[in-house]
Number of protein chains: 2
Amino acid sequence: MVDPRWEATLDRILELTVVLSRDMDEELERMGLTGSRAHLVWELERRGPSKQQALAEALGVSPRTITALVDGLVATGFVTREPHPTDRRATQVTFTTQGRAAAKALVDGHRELASQLFAEVPADRLECFDEVLAGLLARLREISARA
Amino acid sequence: MVDPRWEATLDRILELTVVLSRDMDEELERMGLTGSRAHLVWELERRGPSKQQALAEALGVSPRTITALVDGLVATGFVTREPHPTDRRATQVTFTTQGRAAAKALVDGHRELASQLFAEVPADRLECFDEVLAGLLARLREISARA
DNA sequence: TATTGTTATACTCTATAACTATA
DNA sequence: TATAGTTATAGAGTATAACAATA
């Protein structure tokens, strides 16, 4: 059994996730992206031009969902569908100029957020935080795998 | 400027949110709830029988969305719509027996998760973690308010 | 036969705007 | 005139199943 006051810690974690995702969604909306589409953009940046199938696996969603997400990103000018060079069944999703700029903005925004968020935390405190955090993440994966 | 390795800390926070919400959603699905409906159930437990208007404010969504959520919860047997005792324009959302049991399960599950998650973390480490966490949350609210 | 992506269909969450009933 | 909730409509994310084209 655990000291019940740590329930408040879980509450804080939960609230952090809420505030964080609300903020990120607002930022993304200003760029003309949604959370899911930004996730696809992020993965496309990491992988380079990709088959939809590969993106489906990377995002952990169905092929049907990728069709919808790519439809949206094509309509708003972030990516294009090109014929795949070697497999005529497949399409290759590639960035437009706008899409590449958006991907860069995502990467920069991530760095910027880390900077703003941690700027005033002393290094030794942050180190402690990070170590416990890593442990919690591992623990959560255990719990998750067992369920 | 901040040590760039703390970007990995932000990544861990983000990943924690992903794993946490995936796990919670699976648990909720086993109970026949979605995340949004569970949120309504949680608030209804805190407030007791409520007008939809009050729930809309509590969840931060539109009245239209509350109509949809309550429709879903009525259809799946968690709540009922009763006439409001003093305002004939309003409806009062109240738990069924099943709904009350679900609310209790949510509260218990929250406690249980905190227990499992923090069980093996030494108290002094957790204290450090919690203090930094509280600071980050406050910092994030500042950033959020300024934007 | 297996894989890639699409069409068809459906459910959930969310919103705005117009409308009804009541205050 | 203002408030509570609904209907109408719409966009986004998600899924399964059936299907076409290609491997």
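Since we're looking at a predicted model, the values are computed, not measured. Only heavy atoms go into these numbers, but all of them, side chains included; no hydrogens, no water, no symmetry mates. So that the names make sense, note that chain A is the first sequence line, chain B the second, and so on, each numbered from 1.
- For D:dA4, one of the phosphate oxygens OP1 or OP2 lies less than 4.0 angstrom from a side-chain nitrogen or oxygen of B:Gln53.
- Listed candidates were D:dT6, D:dA4, C:dT12. Nearest to the side chain of B:Ala90 is D:dA4.
- Separating the CZ atom of B:Arg37 from the P atom of C:dC11 is a distance of 11 Å, rounded to the nearest angstrom.
- Neither OP1 nor OP2 of D:dG5 sits under 4.0 Å from any side-chain N or O of B:Thr67.
- Distances from the side chain of B:Pro63 to the nucleotides D:dA15, D:dT6, D:dA23 place D:dT6 closest.
- If you measure from atom NE2 of A:His84 to atom P of C:dG5, you get 8 Å, rounded to the nearest angstrom.
- Of the residues listed (A:Ile13, A:Thr17, A:Leu14), the one engaging B:Thr17 in a side chain to side chain contact (heavy atoms under 4.5 Å, CB included) is A:Thr17, and it is the only one.
- The distance from atom CD of A:Glu57 to atom P of C:dG5 is 11 Å, rounded to the nearest whole Å.
- Taking the charged nitrogens against the carboxylate oxygens, B:Asp71 and B:Arg81 do have a contact shorter than 4.0 Å, which makes a salt bridge.
- Contact between the side-chain N/O atoms of A:Arg64 and the OP1/OP2 oxygens of D:dC19 is not found at any separation under 4.0 Å.
- Between B:Leu55 atom CG and D:dG5 atom C1' the separation is 12 Å, expressed in whole Å.
- The side chain of A:Lys51 approaches C:dG5 more closely than any other nucleotide in the set D:dA4, D:dG5, C:dG5.
- Across the interface with DNA chain D, nearest-nucleotide mapping of B:Gln92 and A:Leu69 shows B:Gln92 to be the residue nearer the 5′ end.
- One can place CD of A:Glu82 at 14 Å from P of C:dG5, the figure rounded to the nearest angstrom.
- No more than 12 heavy atoms of other residues, nucleotides or ligands shown are found within 6.0 angstrom of CD on A:Glu29.
- Looking only at side-chain heavy atoms (C-beta outward), A:Val41 and A:Phe95 come within less than 4.5 Å of each other.
- A salt bridge is defined here as a Lys NZ or Arg NE, NH1 or NH2 lying under 4.0 Å from an Asp or Glu carboxylate O, and A:Glu43 with A:Arg46 meets this definition.
- Rounding to whole angstrom units, CD of residue B:Glu29 and C1' of C:dC11 are separated by 12 Å.
- Close to C:dT6, at under 4.0 Å from its OP1 or OP2, lies a side-chain N or O of A:Gln52.
- A donor atom on one side chain and an acceptor atom on the other are not found under 3.5 Å apart for A:Thr80 and A:Thr96.
- Here A:Ser62 lies in heavy-atom contact (under 4.0 Å) with a base.
- Taking every side-chain heavy atom of A:Arg89 into account, D:dA23 is the closest of D:dA23, D:dT14, C:dT14.
- Taking atom CG of residue B:Leu40 and atom P of nucleotide C:dT12, one finds them 15 Å apart after rounding to whole Å.
- Protein atom CD of B:Glu26 is 15 Å distant from nucleotide atom P of D:dT14, rounded to whole Å.
- Dashed line: the shortest gap from a side-chain N or O of B:Thr91 to OP1 or OP2 of D:dG5 is under 4.0 Å.
- Contacts of A:Ile66 with the nucleic acid, taken as non-hydrogen atoms under 4.0 Å apart, are absent.
- A:Ala68 comes within 4.0 angstrom of a nucleotide base, judged by non-hydrogen atoms across all strands.
- A sub-4.0 Å separation between OP1 or OP2 of C:dA23 and a side-chain N or O of B:Arg88 is present.
- The phosphate of C:dT12 has neither OP1 nor OP2 within less than 4.0 Å of any side-chain N or O from B:Ser36.
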